[in-house]
Amino acid sequence: MTFNEPPERVELRAAVADLAAKYGSEYYRAKAREDAYLTELWREAGGLGYLGVNLPEEYGGGGGGIADLAAVLEELSAAGCPTLMMVVSPAICGTVLARFGTPEQRRRWLPGLAAGESVMAFAITEPDAGSNAHRITTTARRDGGGWVLNGRKTFISGVDVADAVLVVGRIEDEDTGRLSAALFAVPTDTPGFEARRIEMDIVSPDHQFQLFMDDVRLPGDALVGDPDAGLLQLFAGLNPERIMAASLATGSARHALDKAVAYARERTVWRDRPIGTHQGLAHPLAQVKIEMEQARLMTQYAALRYDSGDDAGAGEAANMAKYAAAEACVRSVDQAVQTLGGNGLASEYGLGAAIAASRLARIAPVSREMVLNYVAQQSLGLPKSY
């Protein structure tokens with residue numbers, strides 16, 4: 001057992017940090033307020049190979065694991081550029097396609113995802129099936145050699161910058177009537193596919209959408225993988241989602257803590273001593289540091305479990321990591337605002353906008369309460385509560 005990251009990942013972190021420093025939080029917020037995406041950063045990161053570090057080399061990726069991609073997102077977030085599309089496009093969609101896609105599907109989608117030249121969104125949440133994937137009503141029926149897809153989705157990130165959406169639906173068995181989970185790659189320009197933006201109070205370049213799919217006709221090869229293994233394929237993408245969400249949250253916690261510490265070192269109010277000398281501020285910041293490092297370790301452990309092929313162990317660790325990282329992020333941002341006082345809500349520092357964004361970490365991609373349900377039942381063996 002070692003607690004040291006491989007030298008290659010340490011070098012990767014440093015390189016991504018250098019790239020992200022060229023952009024930073026001011027760039028991120030400016031793009032968000034322009035209703036624009038981080039296109040320049042995304043393309044440069046893709047061109048340097050950072051977006052596809054987890055994808056197979058034969059399709060233009062780096063041949064690494066989710067731990068490498070998580071390191072990329074943590075460093076981007078620590079520099080003030082926490083993009084959700086890193087969670088969605090290369091992590092969820094890229095992983096599912098790499099593990100379960102046909103050779104043709106891999107050739108079609110993975111090189112573009114790895115290079116940052118194309119983006120894929122992921123659609124699972126529905127208006128009446130938030131945390132309960134068993135209530136998904138989006139269905140696909142066979143039509144000759146193809147499929148006809150109907151359904152609704154909500155809170156789907158980045159559809160405006162996506163070339164396609166990996167949609168989670170259900171297929172009805174013609175003989176038994178049983179519904180099984182299935183995934184479909186749906187180009188966003190397909191007739192019958194409509195996206196409507198959801199206005200949010202979060203300052204973010206990652207926009208949220210409702211999706212309306214009315215008799216969307218798809219070719220036979222739009223179905224990803226084996227419909228009989230739909231749930232297995234789905235959870236193969238959800239574990240990386242939680243690991244990446246944890247990395248985004250820990251990186252964002254680092255960003256807020258760095259701002260607070262820098263301010264506390266310089267700000268002088270009483271007796272010509274920096275406010276950081278006072279335990280009333282020093283101790284809460286120290287607590288944030290401890291909780292953040294604990295979350296980082298749990299996230300790295302979850303990524304190790306996933307990359308070693310332990311899907312069951314990765315599920316437990318990924319949920320725990322996501323929970324710990326979300327709590328650390330909320331606490332870090334809150335304490336940073338408190339440390340800066342009135343400046344904590346000044347646009348110059350960007351922490352006011354981070355309050356709502358950090359709160360999202362407790363809700364998505366899985367709520368704090370559902371993580372606790374998972375741990376209570378799967379880790380502790382307690383009776384199911386719902």
Side-chain angles (χ1 to χ4, degrees), residues 85 88-89 92-113 118-198 207-238 241 365:
M85 297 317 293
V88 177
S89 191
I92 302 176
C93 300
T95 296
V96 170
L97 287 165
R99 286 186 63 174
F100 301 104
T102 65
E104 177 54 36
Q105 287 170 339
R106 293 172 188 168
R107 285 192 294 269
R108 179 180 181 184
W109 296 112
L110 291 182
L113 297 185
S118 60
V119 177
M120 186 173 278
F122 179 69
I124 181 171
T125 303
E126 295 187 0
D128 298 317
S131 298
N132 187 356
H134 296 287
R135 293 188 62 185
I136 286 176
T137 59
T138 296
T139 55
R141 60 176 174 82
R142 297 183 187 274
D143 183 44
W147 301 92
V148 177
L149 190 65
N150 284 279
R152 304 286 183 269
K153 299 291 181 180
T154 191
F155 291 113
I156 308 306
S157 301
V159 182
D160 52 337
V161 297
D163 302 281
V165 181
L166 189 61
V167 176
V168 180
R170 306 178 84 180
I171 298 173
E172 183 176 354
D173 187 286
E174 294 178 356
D175 297 325
T176 66
R178 183 177 65 88
L179 292 172
S180 59
L183 293 88
F184 295 87
V186 183
T188 54
D189 61 356
T190 304
F193 180 95
E194 180 186 359
R196 298 179 190 171
R197 184 170 164 183
I198 302 170
H207 303 140
Q208 301 298 311
F209 291 84
Q210 291 179 307
L211 301 184
F212 299 84
M213 292 164 285
D214 295 308
D215 289 334
V216 175
R217 296 188 175 274
L218 300 170
D221 62 1
L223 175 67
V224 176
D226 182 355
D228 292 328
L231 280 178
L232 174 65
Q233 296 168 176
L234 175 58
F235 285 107
L238 294 186
E241 176 189 47

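Quick note: residue numbers are just sequence positions, from 1. Just so it is clear, the values below take in all heavy atoms, side chains as well, and ignore hydrogens, waters and symmetry mates.
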Is there a side-chain contact (heavy atoms from CB on, under 4.5 Å) between Leu183 and Val96 once you walk through the steps? CA-CA 9 Å; Leu183 293 88; Val96 170; 4.1 Å; yes
Is it true that a side-chain atom of [X] and a backbone atom of [Y] form a donor plus acceptor pair closer than 3.5 Å?
| X | Y | value |
| --- | --- | --- |
| Gln105 | Phe100 | no |
| Ser157 | Gln208 | no |
| Gln210 | Ile198 | no |
| Asn150 | Asp215 | yes |

Given Thr102 and Asp221, is the side-chain contact (heavy atoms from CB on, under 4.5 Å) satisfied, shown in steps? CA-CA 9 Å; Thr102 65; Asp221 62 1; 5.8 Å; no
What distance separates Phe193 CZ from Phe212 CZ, expressed to the nearest 0.5 Å?
->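 Those atoms lie 11.0 Å apart.
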Do the non-hydrogen side-chain atoms of [X] and [Y] ever get within less than 4.5 Å of each other?
| X | Y | answer |
| --- | --- | --- |
| Ser118 | Leu113 | yes |
| Ile171 | Leu223 | yes |
| Arg152 | Asp214 | yes |

Q.
Please evaluate residues Leu238 and Phe122 with respect to the criterion side-chain contact (heavy atoms from CB on, under 4.5 Å), reporting the C-alpha separation (whole Å), side-chain torsions for both, the decisive distance (0.1 Å), and the verdict.
A. CA-CA 11 Å; Leu238 294 186; Phe122 179 69; 4.1 Å; yes
Please report, to 0.1 Å, the donor-acceptor pairs under 3.5 Å made by any side chain of residues 159-170, with sequence neighbours excluded.
unit_1: Asp160; atom_1: OD2; unit_2: His207; atom_2: ND1; d: 2.9
unit_1: Asp163; atom_1: OD2; unit_2: Val119; atom_2: N; d: 2.8
unit_1: Arg170; atom_1: NH1; unit_2: His134; atom_2: O; d: 3.2
unit_1: Arg170; atom_1: NH1; unit_2: Ile136; atom_2: O; d: 3.3

**Request:** Determine, stepwise, if the pair Trp147 / Arg217 fulfils side-chain contact (heavy atoms from CB on, under 4.5 Å).
**Result:** CA-CA 6 Å; Trp147 301 92; Arg217 296 188 175 274; over 6 Å; no
Where is the tightest heavy-atom contact between [X] and [Y], given as atom of each residue plus distance?
| X | Y | result |
| --- | --- | --- |
| Arg106 | Pro111 | O-CD, 3.3 Å |
| Ile156 | Ala123 | CD1-CA, 3.6 Å |
| Leu211 | Ala195 | CD2-CB, 3.7 Å |
| Lys153 | Ile124 | NZ-O, 3.1 Å |

- Query: Do the side-chain N and O atoms of Thr154 and Glu126 include a donor-acceptor pair separated by under 3.5 angstrom?
  - Reply: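 There is no such pair between these side chains.
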Pro103: which residues meet the side-chain contact (heavy atoms from CB on, under 4.5 Å) condition with it, sequence neighbours left out?
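Per chain and number, Pro103 pairs via side-chain contact (heavy atoms from CB on, under 4.5 Å) with Arg107.
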